[in-house]
Amino acid sequence: MFKNVIVRRPGKSLVEGITSAPELGKPDYELALKQHDAYIEALKSCGVEVTVLEALEEYPDSCFVEDTAVLTKKCAIISNPGALTRRGESALMVDTIKKFYNEDQIEYITSPGTLEGGDVMMVGNHFYVGLSARTNEEGFRQFKEALAKYGHTSSLVPLEEVLHLKTGVNYIENNNMLVSGEFIEKEDFKSFNKILVPENEAYGANCIWVNGTVIVPEGYPTVEKGVREAGYKVIIVDTSEYRKLDGGLSCLSLRF
Ligand code: CIR
């Protein structure tokens, strides 16, 4: 179960965030704020305490807090984003993280290692890590070593198509996993009960489990149906403005 969630308000500079899909247009800032409000409400209704950090105008992508750290029951690992325009975001999370973890429970990924939290998927005590344009082998090596001190295991999953691991695969507990594209046939995930996400709903693979409820993005009916059939309560949240920057539901929070 999660007790806490950290989010960061998007700044007006959000419109300058990194995107691989400029054809979707720039995010509408006012709408993005409303969607962020609804996201926070959805999280609160799942029984977590939400810490809302102020916007950081100098970092357009800083509302995607998931990439700045990996928080487990036993430790916090401060990441080192592979995207240079995002690298400073992690250090700016440390003070907040220190409110929840002791100094000796906090580990740091350092250059030349890079790692973004969007590449890390927690399945119980095991952490799958995407080898991506943002997370490199040295970042994984440091991460694995740090996690091992706390009894956590990890393994590397090379990515071919997507930005982050969790862009395409998300664990929603009880052995259930949402899988799209390149992850459908991956050996690493063969023992899970897979909920298949069709290509035209690929973005919908990024759902989050919060204390028995699954938050699903608006507009992905096959995903919603699959999640409901797996027995979960569902909350739908519109993330259209974040999608324009390759961001989804998981990217917008740290859940621990
Ligand atoms: C980026 O490219 O870094 C942001 N525009 C999107 C980050 C999405 N984060 C995530 O998947 N965890």
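Each residue takes its place number in the sequence, starting with 1. Atoms within a ligand are numbered from 1 in the order they appear, just like the ligands themselves. Computed from a predicted model, the values in this text were never measured in an experiment.
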Out of all atoms in ligand 1, which are within 4.0 Å of some heavy atom of [X]? Include the element for each.
X	result
G118	12 (N)
E66	10 (C), 12 (N)
C251	8 (C), 9 (N), 10 (C), 11 (O), 12 (N)
R134	1 (C), 2 (O), 3 (O)
L245	4 (C), 5 (N), 6 (C)

Next on the checklist: Can you report which non-hydrogen protein atom sits closest to atom 9 (N) of ligand 1, along with the distance?
Outcome noted: D67 OD2, 2.9 Å
Checklist entry - Do the ring planes of F183 and F189 sit parallel (below 30°), tilted (30 to 60°) or perpendicular (above 60°)? => result tilted
Item to check | Aromatic ring pairing F127/F143, orientation class (parallel under 30°, perpendicular over 60°, tilted between) | outcome: perpendicular
Salt-bridge test for [X] and [Y]: reply yes if a basic N is under 4.0 Å from a carboxylate O, no otherwise.
X	Y	result
K190	E185	no
E103	K98	yes
E137	R141	no

Checklist entry - Can the ring centres of F2 and F256 be said to be less than 6.0 Å apart? => result no
Item to check | Residues Y59 and S13: side-chain donor-acceptor under 3.5 angstrom | outcome: no
Next on the checklist: Is it true that N125 and T153 share a donor-acceptor pair across their side chains at a distance under 3.5 Å?
Outcome noted: no
Checklist entry - What part of E116 sits under 4.0 Å from ligand 1 if we count only heavy atoms: the side chain, the backbone, both or neither? => result neither
Next on the checklist: Heavy-atom pairs closer than 4.0 Å: do any link ligand 1 to the side chain of I18, the backbone, both, or neither?
Outcome noted: both
Please check whether [X] reaches ligand 1 - meaning an N/O of the residue sits under 3.5 Å from an N/O of the ligand, judged on distance alone.
X	result
D61	yes
R86	yes
H164	yes

Checklist entry - Strictly under 4.0 Å, does any heavy atom of T167 approach an atom of ligand 1? => result no
